Amino acid sequence: MKYWLMKSEPDVFSIDDLKTKKKTSWDGVRNYQARNFMRDEMKLGDLVLYYHSNCEEPGVYGIGKVIKEAYPDHTQFDSKSEYYDPKAKKDEPRWFMVDVGFVEKFKVPVTLNQMKSEKALSDMLVLRKGNRLSITPVEKKHFEKVQGLGN
DNA sequence: GCCAACGTTGGC
DNA sequence: GCCAACGTTGGC
């Protein structure tokens with residue numbers, strides 16, 4: 001089993017939305033590295049740190065889990081979608097998504113600032129300067145540390 | 001709103 | 001295959 005961190009803008013889809021809806025399809029990823037993680041490495045049952053980006057208090061707000069492995073992201077074929085990709089072909093999809101289910105919302109969010117100040121988390125990918133990747137692998141020890149800080 | 005960092009595109 | 005120009009991300 002692997003561990004991941006996935007970024008979401010809370011204005012678009014927050015941990016509370018995930019809690020309410022129970023699950024979500026992770027559509028709209030248009031970055032090859034992130035796609036490859038989803039398509040090639042994310043497995044059923046993998047756990048996910050749910051990160052809020054582009055907001056007042058960036059940080060990890062809870063935990064989700066992979067409930068469906070990669071399948072073609074339908075928005076790439078939808079000319080009305082903001083994620084439409086005219087170069088994608090039906091028989092050769094370019095973009096994939098996974099489904100993520102709700103596991104828990106942290107009692108206290110683990111903020112980006114807090115994570116930066118934790119020695120034990122210093123080599124997490126998401127803390128690297130200029131990191132823009134929306135999906136990153138997370139080590140087990142880091143996952144457990146963050147979870148511990150949130151609960 | 002600013003801007004650094006990074007990814008992608010396209011001319012050559 | 002190089003690289004300048006451009007677009008996007010995301011913290012601040």
Side-chain angles (χ1 to χ4, degrees), chain A residues 2-21 23-42 46-66 70-100 102-139 141-143 145-151:
Chain A
K2 291 200 168 88
Y3 300 89
W4 304 93
L5 180 143
M6 296 174 92
K7 292 181 189 172
S8 182
E9 299 189 17
D11 292 346
V12 179
F13 201 87
S14 70
I15 187 74
D16 291 317
D17 294 325
L18 185 62
K19 185 175 184 180
T20 305
K21 303 224 169 117
K23 61 171 186 166
T24 187
S25 298
W26 213 271
D27 63 10
V29 171
R30 295 293 179 267
N31 169 285
Y32 288 104
Q33 244 184 305
R35 178 205 66 182
N36 292 347
F37 283 137
M38 286 201 290
R39 189 190 58 187
D40 306 334
E41 297 196 46
M42 289 184 101
D46 282 2
L47 292 172
V48 175
L49 295 175
Y50 198 99
Y51 182 94
H52 284 184
S53 66
N54 246 318
C55 57
E56 220 160 276
E57 193 72 85
V60 177
Y61 280 70
I63 289 176
K65 108 182 136 178
V66 177
Y71 59 108
D73 177 346
H74 56 84
T75 62
Q76 70 193 299
F77 306 121
D78 178 1
S79 58
K80 292 185 202 70
S81 168
E82 61 175 313
Y83 300 124
Y84 177 58
D85 182 350
K87 291 180 188 157
K89 299 195 186 76
K90 270 257 158 79
D91 54 347
E92 206 183 325
R94 183 185 281 211
W95 305 111
F96 292 81
M97 61 189 182
V98 298
D99 286 357
V100 173
F102 177 78
V103 174
E104 67 177 17
K105 180 184 176 181
F106 285 165
K107 293 195 180 68
V108 222
V110 182
T111 66
L112 181 60
N113 273 333
Q114 192 181 357
M115 292 168 75
K116 282 177 177 166
S117 71
E118 288 284 342
K119 272 242 166 62
L121 300 176
S122 59
D123 48 344
M124 279 186 78
L125 286 174
V126 72
L127 301 181
R128 290 223 185 124
K129 192 178 178 185
N131 171 49
R132 292 169 28 193
L133 201 53
S134 62
I135 302 176
T136 51
V138 170
E139 288 177 43
K141 62 177 180 186
H142 292 151
F143 182 92
K145 177 70 180 175
V146 172
Q147 187 175 29
L149 291 170
N151 286 324

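Below, chains carry the letters A, B, ... as their sequence lines are ordered, and counting in each starts from 1. Heavy atoms only: backbone and side chains are in, while hydrogens, waters and symmetry mates are out. Keep in mind the model is a prediction, meaning the values are calculated, not measured.
Side-chain proximity of A/K7 to the nucleotides B/dG10, B/dG7, C/dG10 is greatest for C/dG10. Here the side chain of A/N54 is nearest to one of C/dC12, B/dG7, C/dG10, namely C/dG10. Nearest nucleotide to the side chain of A/K116, out of C/dG11, B/dT9, B/dG7: C/dG11. When distances run from any side-chain atom of A/K87 to the nucleotides B/dG10, C/dG10, B/dG7, the shortest one goes to B/dG10.
Between B/dA4 and A/K129, no contact under 4.0 Å exists linking OP1 or OP2 to a side-chain N or O. The side chain of A/Y51 places no N or O atom within less than 4.0 Å of a non-bridging phosphate oxygen (OP1 or OP2) of C/dT9.
Relative ring orientation between A/W95 and A/Y32 is described as tilted, the plane-to-plane angle lying within the 30° to 60° band.
Taking atom CG on A/D85 and atom C1' on B/dT8, their separation rounds to 12 Å, with Å as the unit. Distance, A/N31 CG to B/dT8 P: 6 Å, rounded to whole Å. The CG-P distance, from A/N131 to C/dC12, rounds to 13 Å in whole Å. Atom NE2 of A/H52 and atom C1' of C/dG11 are 16 Å apart (whole Å). Between A/Y83 atom OH and C/dT8 atom P the separation is 12 Å, expressed in whole Å. As rounded to whole Å, 11 Å separates atom P of C/dC12 from atom CG of A/L127. Remark: C1' of B/dG7 and CZ of A/R35 are 14 Å apart, rounded to the nearest angstrom. We find that CD1 of A/I135 is positioned 11 Å from P of C/dG10, with the value rounded to whole Å.
No side-chain donor-acceptor contact under 3.5 Å links A/Y83 and A/D78.
A/Y50 has its ring centre less than 6.0 Å from the ring centre of A/W26.
In this structure a side-chain-to-backbone donor-acceptor pair under 3.5 Å is present from A/S8 to A/F13. Looking at A/H142, its side chain does come within 3.5 Å of a backbone N or O of A/A120 through a donor-acceptor pair.
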